[in-house]
Amino acid sequence: MTADNGDAILGDLTLAQRAAVTHVDGPLLVLAGAGSGKTRTITRRMAYLAAQGIAPMNILAVTFTNKAAAEMRHRTLALLAGLSLRHGGAPTVSTFHSLCARLLREFSSAIGLPAAFGILDTADQLKLIKQALEKIGLSPENFAPARVLDKISGAKNRLQRVDAFAAAAAGYFDTSVARVYRVYEELLGASQAVDFDDLLLKTALLLRDNAEVRNQLQGRFRYILIDEYQDTNHAQFVIAHMLAMEHENICATGDPDQSIYAWRGANLSNILEFEKFFPRAKVVLLEQNYRSTKTILQAASSLISHNRQRKHKDLWTENTIGSKVIHICSADEKQEAREIVRRLRDWHEREGISWDKMAVFYRVNAISRVLEEALMEAGLPYQIVRGTEFYARKEVKDVLAYLKLLVNPDDTLSFQRVINVPARGLGGTSVSRLADYAAHAGISLPAACRRAEEVPGLTKRAVEAFQQFAALIDSLRLLAIPPACASHADRLPPGSPEADRGAIGTNEFDPLYDPALATEATACTELSNFSADADENSPPGPASHRDATDQSVSPHAGEGSGGSRRFPPVAAIMEEVIHRAGFIRESKTRTMDEESLQRQSNIQELINVATEYDLSARHAQDGRQNPSGSLSDYLTQVALVSDVDRLGEKSGAVTLMTLHAAKGLEFPVVAIVAMEEGILPHERAIGFQGRPQDVEEERRLCFVGMTRAMQQLILSHSCYRMIMGRSEGRVASRFLKEIPDECVVRIDLLAQERLAGSPGYRDETIDQARPLRTKPASYRDSARRSIAAAEPASAPARFRKGSLVRHQKFGVGRIAELTPVGEKTRVVVEFQSAGRRSLFLEHARLEPVDG
DNA sequence: GCAGCCTTGTTTTTT
DNA sequence: ACAAGGCTGC
């Protein structure tokens, strides 16, 4: 390494960071506190390894989200380019799930998996569970599909397959789950599909049980970095260990205080006991925080110190003290949202802080609605991180189901989804007749569809409709996957008419990675014809894919570096599907209501995203990293997008997301709302079955949220909140009490309203956050005030179970329950007209009614 | 077979 | 409050 390179890589690093970066061989554990420059350390380390002469293509980095992977890849490549280290390929930077999907396609033949396997999302999984329950005659009432799925998912995370699970199952519920598990696996197999957990499980078992594959991959990935190690589950642990066991060049980075995924199988001992598994491990602690002000850091540190199951860690920073954490207490969720919005706007206007530097976090998605409404009302730009919701839209899933059916002819789930979408007169009766026939003949549902004329009991119309559908799919498939272009990833299964022409025999290697196969570009000429057709009939936006289409016959196409385009553009296929299947006709019906417009724009957006995919495949620099351009790869990518992946960085909008989604991000201004018992910490952690470690995870979640903030942090809670349509009295989160008073300025909007006598009262804290020594209007004070008319001292006596009371809004009712909650009293009132309400005696301003 | 109504559940968190 | 799925009547 030259001195220059050394400077560029190490120059501005701290000693601890430098120690992590320059540790080349042998296991390394980097315990990186929040905001301690972890990503920077990792990217520098990759550059450093390259500077030591290690080929980048022998480096594997695994992150938690695709977005993090993309960013890390980008930063690393930029570093390597700056150091003229771009030879030796690029490192593989990926999420566990994407990596596994890729490896499973590459080694599919080794484990008897069809190369074109589909990946189920959670909704699909639940459908399959329901089908399995029905098949064995268990009612979904007694066996909540979500709970069953949870069990199965947990088993898979522990690498427990059906037989092992069944053997270990004790009790009626678990033995029943075992039966469901078995049928569920059969259904998956019949659909040539895997679920999320299978990606990890099958890869882990492949690596564990197949020495040849393991050796090959150990040779390929000689240096391994795994980020967010505290959130890895057992399957991921096994994958990491199998890959690393020969060279032991494994670098795990993470922070036990930020472990927030135990509920989905993450195993904290993976990181806590790293040194047990790798006794030679070097451990580096990164404790200096570069992100947050002293105040924010102190608040967060105090909070997390309340966890008992914890290795002590001292975060410190050289940053300024900054302003106090603001704690807002408001009357209800509407006031809370308005107040947050008001403050955000204020910072924007006074300090010129751009919208995309602000974020609002919440524990559960349901909270986002009221915030959205307030932001919309105020006219502020915002983006909500709920990316999967787009792919969960009906119309989007419908179009994708067609595409899946093209790639995977046995995809029963997709077939069931679209057989009557758009409507072609094939309802439940006809489909179940088809299903009976399929079961009897031992073939898949789509396969049976081809032979509709043999199915007993079908009407002539139904037979024709099935046949037409089969013909439609076949012809679309021919366009989407021209036989001459068929690589194994998109290849048809044996038996279909096209398969024999284009197939290449069994494959030990994925041709996607094989430059020799990447030279067939010109074979796809029929595609250009096809695209020209599509253009003529195309609805708005026909230009979108023309560019990409040209690429298929351009001279660059066959250049063999893996960036070649051997496949028809996905966007073009999609447009053809939309057209030929009749989605267009459906939306052309005159009734242009809001909903159908929205659906149209969603479909357009889907096409746009596909176009981006086509372009990125075209610009691919490395065949192992980038999408190959195949439809199959596209569907894989779509199946594995996460919420945060769709987050726009320079969006110019306030970002709304869950606390879980916030991991790994940072914003100058952060607000965490709904900090109430039952929400944060969540009811599931403190309620009936909650365990102490669950509360600790909630506390870590809160800690993660707080440490995202760089300059300003707002925490808020409301005294009432609409929950599932009912207004409920709320108690401030215990976490608020775990933050030292001197870090916080409290703003009690209820007290202010009463003190100022007008709702428009404006407090000065908005620009001079100052600590309040005394609690400003404690709950008891405000309680007194609110029921002042009714003798403060003996007030509760006037409200007993059974007394009649009057409420300003709800009218007259009778008290059904009285329970003390902290300093307050919760009262449940059965109102004559407004129904049953839960209120706080101290806030509800109830008046006694005589008689 | 399908449209519209009514019931029901839904709220953790996500790859 | 809201969505999705089930049921009833055409």
Side-chain angles (χ1 to χ4, degrees), chain A residues 62-69 94-101 119-123 125-127 130 140-141 144-146 149-150 153 156-157 194-201 203 228 231-233 235-236 259-266 333 361-370 373 385-389 391-394 420 423-432 459 461-462 465 636-645 657-663 674 678-687 689-690 694 697-698 700-702 704-705 721-728:
Chain A
V62 183
T63 64
F64 212 68
T65 64
N66 291 299
K67 182 169 176 279
S94 174
T95 64
F96 263 112
H97 286 83
S98 301
L99 173 74
C100 290
I119 301 169
L120 262 53
D121 65 22
T122 311
Q125 290 183 53
L126 283 172
K127 275 189 195 160
K130 282 178 196 158
E141 272 84 66
L149 183 57
D150 234 38
S153 174
K156 287 187 175 184
N157 287 162
V194 303
D195 62 24
F196 283 135
D197 304 311
D198 280 337
L199 291 173
L200 304 177
L201 171 135
T203 306
E228 308 285 11
D231 285 324
T232 51
N233 62 30
Q236 292 164 330
S259 157
I260 54 175
Y261 285 102
W263 55 273
R264 71 171 204 208
E333 79 281 358
F361 305 151
Y362 33 81
R363 176 69 227 280
V364 294
N365 278 305
I367 304 283
S368 69
R369 183 166 237 113
V370 63
E373 281 165 7
V385 178
R386 258 184 332 201
T388 50
E389 203 158 83
Y391 287 104
R393 303 300 278 237
K394 182 186 177 298
N420 203 29
R424 38 177 86 78
L426 293 169
T429 324
S430 302
V431 174
S432 88
T459 63
R461 279 178 65 139
T636 302
Q637 197 168 300
V638 163
L640 298 177
V641 292
S642 71
D643 285 350
V644 244
D645 293 339
M657 67 177 112
T658 63
L659 285 163
H660 281 90
K663 186 173 75 164
I679 294 183
L680 183 65
H682 194 270
E683 185 59 32
R684 296 276 272 253
I686 56 180
Q689 282 188 322
D694 296 332
E697 177 151 315
E698 298 286 312
R700 291 194 293 267
L701 193 53
C702 187
V704 167
R721 182 177 301 280
M722 287 291 256
I723 290 174
M724 284 198 238
R726 291 245 162 267
S727 175
E728 269 189 36

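Every chain is numbered from 1, with letters handed out A, B, ... down the list of sequences. Quantities reported herein were computed from a predicted structural model and do not represent experimental measurements.
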Chemist: Which atom pair, heavy atoms only, marks the closest approach of Arg264(A) to Asn233(A)?
Modeler: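 Looking at all heavy atoms of both residues, the closest pair is O-ND2, 4.4 Å.
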Chemist: Over how many whole Å does the gap from Leu680(A) atom CG to dT13(B) atom P extend?
Modeler: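 Going from Leu680(A) (CG) to dT13(B) (P), I get 13 Å.
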Chemist: May I ask you to say what Phe96(A) touches in the nucleic acid, namely base, sugar-phosphate or nothing, with a heavy-atom cut-off under 4.0 Å?
Modeler: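 Nothing, no nucleic acid heavy atom in range.
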Chemist: Would you please name every residue forming a ring pair (Phe, Tyr, Trp, His ring centres under 6.0 Å) with His660(A), sequence neighbours left out?
Modeler: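 With sequence neighbours excluded, His660(A) shows a ring pair (Phe, Tyr, Trp, His ring centres under 6.0 Å) to Tyr261(A), Trp263(A), given in chain and number order.
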Chemist: Answer yes or no: is there a donor N or O on one side and an acceptor on the other, between the side chain of Ser94(A) and the main chain of Leu99(A), under 3.5 Å?
Modeler: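 Yes; at least one donor-acceptor contact below 3.5 Å.
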Chemist: Take the protein atom CE of Met657(A) and the nucleotide atom P of dT14(B), then report the distance between them rounded to whole Å.
Modeler: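 Taking atom P of dT14(B) as the reference, CE of Met657(A) is at 11 Å.
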Chemist: Nearest-Å distance, CG (Leu149(A)) to C1' (dT15(B))?
Modeler: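 About 13 Å, once rounded to whole Å.
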Chemist: Between the protein and nucleotides 1-3 of chain B, are there any N/O to N/O pairs under 3.5 Å, and if so, what are the atom names and distances?
Modeler:
| unit_1 | atom_1 | unit_2 | atom_2 | d |
| --- | --- | --- | --- | --- |
| dG1(B) | OP1 | Ser430(A) | OG | 3.0 |
| dG1(B) | OP2 | Thr429(A) | N | 3.3 |
| dG1(B) | OP2 | Thr429(A) | OG1 | 2.6 |
| dC2(B) | OP2 | Asn420(A) | ND2 | 3.3 |

Chemist: Report yes if the ring of Phe64(A) lies under 5.5 Å from the six-membered base ring of dT15(B) with planes under 30°, and no otherwise.
Modeler: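 No; by the centre-distance and plane-angle rule, Phe64(A) does not count as stacking on dT15(B).
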Chemist: Can you check the Asp150(A) CG to dT14(B) C1' distance for me, whole Å?
Modeler: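 One finds 12 Å between C1' of dT14(B) and CG of Asp150(A), rounded.
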Chemist: Taking OP1 and OP2 of dT14(B), is either one under 4.0 Å from a side-chain nitrogen or oxygen of Asn365(A)?
Modeler: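 For Asn365(A), the contact criterion (side-chain N or O under 4.0 Å from OP1 or OP2 of dT14(B)) is met.
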Chemist: Can you name the nearest heavy-atom pair linking Asp231(A) to Gln236(A), along with the distance?
Modeler: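 Looks like O-OE1, 3.8 Å.
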Chemist: Is there a donor-acceptor pair under 3.5 Å between the side chain of Glu697(A) and the backbone N or O of Asp694(A)?
Modeler: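 A pair under 3.5 Å: no.
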Chemist: Say whether, by atom type as modelled, one donor and one acceptor occur between the side chain of Arg700(A) and the main chain of Ser259(A) under 3.5 angstrom.
Modeler: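 A pair under 3.5 Å: yes.
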Chemist: Hey, mind stepping through Phe196(A) and Thr122(A) against side chain to side chain contact (heavy atoms under 4.5 Å, CB included) and telling me if it holds?
Modeler: CA-CA 8 Å; Phe196(A) 283 135; Thr122(A) 311; 4.2 Å; yes
Chemist: Students often get this wrong, so: under 4.0 angstrom with heavy atoms, is Asp197(A) touching a base, only sugar-phosphate, or nothing?
Modeler: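 Answer is nothing: Asp197(A) stays at 4.0 Å or more from every strand.
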Chemist: Does dT15(B) have OP1 or OP2 under 4.0 Å away from a side-chain N or O of Thr122(A)?
Modeler: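 No, no such contact exists.
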Chemist: dT15(B) P sits how many Å from Gln125(A) CD, rounded?
Modeler: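 It is 13 Å, rounded to the nearest whole Å.
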Chemist: Provide, to the nearest angstrom, the distance between the CG atom belonging to Leu659(A) and the C1' atom belonging to dT14(B).
Modeler: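 To the nearest whole Å, that distance equals 14 Å.
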Chemist: Measure from the side-chain N and O atoms of Glu698(A) to the backbone N and O of His682(A), and report whether any donor-acceptor pair falls under 3.5 Å.
Modeler: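 Between the backbone of His682(A) and the side chain of Glu698(A) there is a qualifying donor-acceptor contact (under 3.5 Å).
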Chemist: dT15(B) P sits how many Å from Gln637(A) CD, rounded?
Modeler: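 Value for this atom pair: 14 Å.
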Chemist: Any chance you could lay out the side chain to side chain contact (heavy atoms under 4.5 Å, CB included) test for Cys702(A) and Leu659(A), step after step, and finish with the verdict?
Modeler: CA-CA 7 Å; Cys702(A) 187; Leu659(A) 285 163; 5.7 Å; no
Chemist: Tell me every residue that passes side chain to side chain contact (heavy atoms under 4.5 Å, CB included) with Ala101(A), counting only those two or more places apart in sequence or in another chain.
Modeler: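 Counting only residues at least two positions away or on another chain, Ala101(A) forms a side chain to side chain contact (heavy atoms under 4.5 Å, CB included) with Ile119(A), Leu199(A), Thr636(A), Leu640(A).
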Chemist: Between protein and nucleic acid, restricted to nucleotides 8-11 of chain B and to nitrogen or oxygen atoms under 3.5 Å apart, what atom pairs and distances do you find?
Modeler:
none

Chemist: Output the rounded distance in Å from NE2 (His660(A)) to P (dT13(B)).
Modeler: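 After rounding, the gap between these two atoms is 9 Å.
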Chemist: Set out, in order, the CA-CA distance, both residues' side-chain angles and the distance that settles side chain to side chain contact (heavy atoms under 4.5 Å, CB included) for Tyr391(A) and Asp121(A), then state yes or no.
Modeler: CA-CA 10 Å; Tyr391(A) 287 104; Asp121(A) 65 22; over 6 Å; no
Chemist: Please table the atom pairs, donor to acceptor, closer than 3.5 Å between any side-chain atom in residues 423-430 of chain A and protein atoms at least two apart or in another chain.
Modeler:
| unit_1 | atom_1 | unit_2 | atom_2 | d |
| --- | --- | --- | --- | --- |
| Arg424(A) | NH1 | Val418(A) | O | 3.0 |
| Arg424(A) | NH1 | Ile419(A) | O | 2.7 |
| Arg424(A) | NH2 | Tyr402(A) | OH | 2.8 |

Chemist: With a strict under 4.0 Å distance from non-hydrogen atoms of chain A, what nucleotide opens and what nucleotide closes the contacted stretch of DNA chain C, reading 5' to 3'?
Modeler: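 From 5' to 3', the first and last contacting nucleotides are dA1(C) to dC2(C).
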